Amino acid sequence: MDKTTHLQKLRDVILEWNEKINVTAIRDPEEFDRKNVRDSLSICGLPEYEAARTVLDLGTGGGFPGLPLAVQSPEKAFVLADAVGKKLKVVQAAAQELGLVNVETVHARAEDMAKTKTHREHYDLAVSRAVANMATLSEYCLPFVRVGGFFIAYKTEDAAEEIEAAKPAIAKLGGRILRIDKPSPNNDEPSSGHTLVVVEKIAKTPKEYPRKAGTPGKDPLK
Ligand code: SAH
């Protein structure tokens, strides 16, 4: 199966499951292609993505951006994590129906999962879309990344202030913002609209992070 067909099948499988277990508000197939599939794939081509072999998608929900990326990059190993088990059931079923052998799921909260030896400072790349504000998200994601690896956040285009405000938190967690990529304008269609914040892991995350489950969200690092 070529990748375009494989991605269409992914859309059909998720939309079918979505009628039983709600994982996405987007029900229109064309909108799904744009906002879930193409938007997920917008990191493809970035050198930090292309170089990664192990990728964590934190707060994957119904599998975004992780599932489209796993279709696109069969040579990479993906771990898709979420705190809500029923969403991962959909992800697992879809991965199976699509024959994706490069997808594993982990049912856990980031704060707990990041304390485990298997996952901490392990990944070449962590990605995350629509999960939390940049400071909270950095506390969720950066502990998983090995020094020299990267964390890429899919952020809305109006998140400049939030990103700026997260800089001290990112520094405490061992990261630094390397680049902020704006989505390229496309005259044929409205932008699916995510800014990509590329964070480099330059030092190990201190042991005290992430703080206990719930704290990074309630009291974002400053
Ligand atoms: N990334 C998907 C889903 C976004 S909804 C998409 O873009 O479509 C946000 C998801 O993050 C939810 O499924 C929620 O369960 C998960 N989430 C929020 N906080 C989390 C945490 N601390 N640890 C793990 N998952 C979390």
Side-chain angles (χ1 to χ4, degrees), residues 7 10-11 13-15 17-18 21-29 31-43 55-72 78-95 103-116 118-120 122-123 125-145 151-157 159 162 166 169 173 183 191-197 205 209-221:
L7 289 167
L10 166 64
R11 174 197 65 200
V13 168
I14 295 286
L15 283 178
W17 272 100
N18 202 44
I21 301 174
N22 187 35
V23 292
T24 175
I26 300 164
R27 294 195 164 72
D28 175 66
E31 198 186 351
F32 190 99
D33 283 338
R34 180 160 52 84
K35 292 193 180 162
N36 281 343
V37 179
R38 290 210 291 283
D39 183 56
S40 292
L41 296 178
S42 61
I43 65 170
V55 183
L56 171 72
D57 176 12
L58 198 280
T60 191
F64 304 100
L67 281 177
L69 291 171
V71 170
Q72 188 66 30
F78 290 85
V79 172
L80 278 50
D82 204 283
V84 177
K86 70 173 183 170
K87 295 190 183 183
L88 292 179
K89 288 221 168 81
V90 175
V91 173
Q92 279 162 351
V103 172
E104 264 179 60
T105 58
V106 174
H107 175 203
R109 289 185 74 143
E111 300 93 312
D112 302 322
M113 184 180 166
K115 301 281 188 203
T116 66
T118 324
H119 298 288
R120 191 177 182 90
H122 170 79
Y123 295 87
L125 178 69
V127 296
S128 192
R129 188 183 84 160
V131 171
N133 75 72
M134 191 65 193
T136 301
L137 194 61
S138 299
E139 190 168 352
Y140 290 164
C141 290
L142 274 169
F144 289 104
V145 179
F151 155 47
I152 302 180
Y154 292 65
K155 280 280 153 197
T156 50
E157 287 173 81
E162 176 196 319
L173 295 158
S191 168
S192 60
H194 277 111
T195 294
L196 300 171
V197 187
T205 301
Y209 305 123
R211 292 165 294 164
K212 74 174 187 344
T215 306
K218 273 188 285 216
D219 179 23
L221 271 180

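Counting starts at 1 for both ligands and their atoms, in listed order. Computed from a predicted structure; not experimentally measured.
In terms of protein heavy atoms, atom 18 (C) of ligand 1 is closest to Val131 CG1, 3.8 Å. The nearest heavy-atom contact from the protein to atom 7 (O) of ligand 1 is Arg129 NE, 2.6 Å.
Asp82 places no side-chain N or O within donor-acceptor distance of the main-chain N or O of Leu88, the cut-off being under 3.5 Å. Between the side chain of Ser128 and the backbone N or O of Ala153 there is no donor-acceptor pair closer than 3.5 Å. At least one donor-acceptor pair closer than 3.5 Å links the side chain of Arg120 to the backbone N or O of Ala114.
Taking a cut-off of under 4.0 Å to the non-hydrogen atoms of Ala110, the atoms of ligand 1 that pass are 21 (C), 22 (N), 23 (N), 24 (C). In the vicinity of Phe64, heavy-atom distances shorter than 4.0 Å reach the ligand 1 atoms 1 (N), 2 (C), 6 (C), 7 (O), 8 (O). For ligand 1, the atoms lying closer than 4.0 Å to a non-hydrogen atom of Gly61 are 3 (C), 13 (O). Interface atoms of ligand 1 facing Tyr140, defined by a heavy-atom separation under 4.0 Å, are 22 (N). Each of the following atoms of ligand 1 lies closer than 4.0 Å to a heavy atom of Val84: 15 (O). For ligand 1, the atoms lying closer than 4.0 Å to a non-hydrogen atom of Arg109 are 23 (N), 24 (C). In summary, the atoms of ligand 1 found under 4.0 Å from a heavy atom of Lys87, numbered by their order in the structure, are 12 (C), 13 (O).
Looking at ligand 1, you won't find any N or O of Ala130 less than 3.5 Å from one of its N or O atoms. Inclusion of Ala83 in the set of residues having an N or O under 3.5 Å from an N or O of ligand 1 is warranted. Polar contact with ligand 1: present for Glu111 (N/O pair, distance under 3.5 Å).
Taking all atoms of both residues into account, the shortest heavy-atom contact from Gly214 to Glu111 is N-OE2, 3.0 Å. Closest non-hydrogen pair, Ala126 versus Val145, comes out as CB-CG2, 3.8 Å.
Phe64 has its ring centre less than 6.0 Å from the ring centre of Phe32.
Open room surrounds NZ on Lys89; 12 or fewer heavy atoms of other groups in view lie less than 6.0 Å from it. With a 6.0 Å radius and a threshold of 12 heavy atoms from other residues, nucleotides or ligands, Gln72 has its CD atom above the threshold.
A perpendicular orientation is assigned to the rings of His122 and His119, their planes being inclined by more than 60° (bins at 30° and 60°).
A salt bridge does not link Lys212 to Asp112: none of the charged nitrogens lies less than 4.0 Å from a carboxylate oxygen.
Distances from atom 13 (O) of ligand 1 to the heavy atoms of Leu137, Asp82, Thr136 put Asp82 nearest. Among Gly85, Ala132, Gly214, Gly59, the residue whose heavy atom lies nearest to atom 3 (C) of ligand 1 is Gly59.
Counting heavy atoms under 4.0 Å from ligand 1, residue Tyr154 does not touch it at all. The residue Met113 has no part lying near ligand 1, judged by heavy-atom distances below 4.0 Å. Contacts between Thr60 and ligand 1 below 4.0 angstrom, taking non-hydrogen atoms only, involve the backbone exclusively.
The side-chain heavy atoms of Leu173 and Leu221, taken from C-beta on, include a pair separated by under 4.5 Å.
Remark: distances from the non-hydrogen atoms of Ala108 to ligand 1 include one below 4.0 Å.
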